[in-house]
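Worksheet for the structure shown next.
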Amino acid sequence: MLNNFRARLISQLGRAQANSEIKWMNQFIVDSTGPGAKATANTLRLEDLLRRRVGGEPLQYILGTQPFGQLDLLVRPPTLIPRHETEEWSLKLAKATTPCPSAPITILDLGTGTGCIPLLFATIWPQGSVHAHAVDISEHAVRLSTENALRAGVSTRNTDAKEARNTFTAFRADYTQDKFWEDPRLKPPYNLVTSNPPYIPLQEYEELPPSVRLYEDKQALYGGKDGLDFYRSIGRVLGFPGALASEATIALEVGHDQASQVAEIVERIPRIDIGSLEIWKDAWGKDRTVVARTHEP
Amino acid sequence: MFSLGRRAHFAFRLVRHASLSSRESKYLTGTHTGPELVKMLETDNSKILKLVRRKVDERTALMAEAEQIAINGDPSSQEYRDKTRRASELLVFQDAWSSYESAKSNLLETHTLLSHPDPDMRDLATEEYPSLPPTLTSLLLTTFPSLLVPPSSSSQHNLAGALMDLKSGVGGQESSLFLSELLRMYTRFAGSKSVDEETGEVIKAKWGVTIVQQNDADAGGIKDAIVEIKGKGAYDLMRWESGVHRVQRVPATDSAGRVHTSTVAVIVLPMLEESDKVEDELFKMDDVKIEVMRARGAGGQHVNKTESAVRLTHTPTGITVSMQDERSQHQNRRRAFQVLRARLLDLKLSADIASRRATRRSLVKGADRSEKIRTYNWAQDRITDHRVPGLTVRGLEGVMEGDGRVGGGFGGLVGRVEEWGREVEVEECLGEMMEALDKEEGQGEVGK
């Protein structure tokens, strides 16, 4: 049976990728069955993991984690698995921004999922230089991202007092609603707004590979008929008076062919004056991130 | 059991000492009188004496100049600081020279006392005399050369450790099996904790070991692997593993029981401390092409495959590094840059050595990595190192177990290669200095 699964995995993924995945599964078994661990070699068998993988389940859900920069994030269905592309632009943004404890910044992450984007910043930047608010429509995501913050050693205290450490607070909120800003847990104005909103259009959603469509949250993927619904919502939210600090950055991940349309939406946000707008490509050469900075006053 | 291990270690040291003094034994055997010995030593080794004498004179001159600055000039100036710093670097030569001078006069004076009319004086002298020639000889033939020859070029870089690159060679599956055994030997030697036999205390692992990359062969064994050995001195010792390792045995897979010969090629690369900046003096970022493997279609949310493989190509040298062992592309990229940097530094060090050696034959084999450096023969239960004359170790299993006991196992083997290599390096370097001295003096005479 084991060899049968192995052969099927090779035919699905190619030899090199299949061998790598089997190696990672074996490593996972070793790591999870050590002394004091709950699992044993009998309850956690390569054959069972392979069966799930061959059946289309994402490797990340099987192993329960996904590396993201220096982080090792917990992932659980159906919360969206962090992607390499997101890791890449988040690292680039983290390098391009240099907050410090004497001039801390606030972040709002819309649709945080595992919390990957703000948690990466909170672990790269110096302590006391960033306070992140992360919202998500899904209670699962709020819980998971809070667990990830604790796992990464990031404080989850939401406090008005000047906190000496970096903080990350996740809560359930719906940024497509007009009364979004009425939530007292939000503390505008924000210096940095990040989002990897659902951006897959209807047609493409139906053609998604089963490992994405059948396992990951539709609420985290499907962006409406043209895929741009959530960018329009973000535009409305950020156009609210006092949402952004006078010097602010907006960084939005976009689908492979959406950069110019999203750039246009960002430029039309009322009440803010865009000073510079960049479109960053990913490692595969696709337009991946729209990064806008407001004019310095 | 315990005492046996310790005795073996002691015997090993004795043997080594005997081999070291081969150069010195010429002067210590035979029946030279004290004055004859001094004359022989100083005639044969006049160049070493001259080289050391120069360092001593240089120091004396520097001290005088510094004193002038201190009296007439500005003692806080850079010039003053440079001169005093250089002078203090040369202090070791002054000390060694004084030791040599006093050992010499001690020998000559004691020699005259051997025929002193007072029998008590004669007895004292007779008792003291035998220890004097070895002291003098060792100062001239061991201490002076080790001071004159700078430490190896690798130690001039701040190395964090070594990257060992193992590739299976001829012999197919048997080669892959042997590679996995070599890898185990190295990782056990470098990374295993050991227990002090006397106190029972756990001694922490010598170095940190991480397998950076490993490609298993389908039929068992390992096709190739890269292992990181992190820690001070790791490169200086492990670099002697570079070269072709040959195994001779009956493979488990051969039912006819024939002895096969297979090989594994090892390259040991110097690893620099990891820095935040990717770019450094070894390469320009513009010269590195970074590729991610395979097309990903729309990418982003559309795809959740773990396609983390990264390939770097350094255009000027054509070096490519592929890394796919980690699930994170970021980690693979970091690792790939680490390997690239090690390969480039290795190139640089090899070029340094090559240019130094351009004018003479190299005595250190293994600078050529295609050279066979060691044979592991199972039937005869021996390991023979082909670089060090007469170096054959019995008890193959014990070495392959790679325990870190001093003097035993793999550590003892590679330790002997390292000592031999250092001696050869010192000799080569000294030879160069003498040649330079000859040339200089030749020119001086023409100038007159």
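In what follows, every heavy atom counts, from backbone to side chain, and hydrogens, waters and symmetry copies are set aside. Throughout, protein chains are lettered first and strands after them, A, B, ... in sequence-line order, and every chain is numbered starting at 1. Please read all numbers here as calculations on a predicted model, not as lab measurements.
Side chain to side chain, A/Asp109 and A/Thr194 meet the donor-acceptor criterion of an N or O pair below 3.5 Å. For the 3.5 Å distance criterion, the side chains of B/Tyr186 and B/Glu241 qualify, holding a donor opposite an acceptor.
In terms of non-hydrogen atom pairs under 4.5 Å with chain B, the most contact-rich of A/Asp72, A/Leu59, A/Leu63 is A/Leu63. No other option in A/Leu208, A/Ile200, A/Ile81 has as many heavy-atom pairs under 4.5 Å with chain B as A/Ile200. Among B/Gln324, B/Glu326, B/Arg327, B/Gln329, the residue making the largest number of heavy-atom pairs under 4.5 Å with chain A is B/Arg327. Of all the listed residues (A/Ala220, A/Ala283, A/Ser211, A/Gly285), the one sharing the greatest number of non-hydrogen pairs under 4.5 Å with chain B is A/Ser211. Of the listed residues A/Asn19, A/Thr65, A/Leu80, A/Val254, the one with more heavy-atom pairs under 4.5 angstrom with chain B than any other is A/Thr65. Chosen from B/Arg334, B/Gln301, B/His330, the residue pairing most often with chain A at heavy-atom distances under 4.5 Å is B/Gln301. Ranked by heavy-atom pairs under 4.5 Å with chain B, the first of A/Gln27, A/Arg213, A/Glu216, A/Glu253 is A/Glu216.
For A/Asp257, no part sits under 4.5 Å from any heavy atom of chain B, backbone or side chain. Interface remark: A/Glu204 contributes side-chain atoms only to the contact with chain B (heavy atom separation under 4.5 Å). Using a 4.5 Å cut-off between heavy atoms, B/Val303 contacts chain A through its backbone alone, with no side-chain atom that close. Heavy-atom distances place no part of B/Glu291 under 4.5 Å from chain A, backbone and side chain included. For a residue to count as touching a neighbouring chain, one of its non-hydrogen atoms must lie under 4.5 Å from one of that chain's; by this rule A/Glu207 does not touch chain B. For chain B, the nearby parts of A/Tyr199 are the backbone and the side chain; heavy atoms of each come within less than 4.5 Å. For a residue to count as touching a neighbouring chain, one of its non-hydrogen atoms must lie under 4.5 Å from one of that chain's; by this rule B/Asp216 does not touch chain A.
Ion pairing of B/Lys223 with B/Asp218 is absent here, as no side-chain N (NZ or NE/NH1/NH2) approaches a carboxylate O to less than 4.0 Å. Comment: A/Lys286 does not engage A/Glu85 in a salt bridge, judged by the lack of any side-chain N to carboxylate O separation of less than 4.0 angstrom.
Using a 4.5 Å heavy-atom threshold, the side chains of A/Leu221 and A/Val212 count as touching.
B/Asp325 places a side-chain N or O within donor-acceptor distance of the main-chain N or O of B/Gln214, the cut-off being under 3.5 Å.
Between B/Phe283 and B/Phe337, the angle of the ring planes stays under 30°, which puts this pair in the parallel group of the 30/60° scheme.
Closest heavy-atom contact between B/Ser168 and B/Leu179: N-CD1, 3.4 Å.
Here the two rings, on B/Phe178 and B/Tyr376, have centers that are under 6.0 Å apart.
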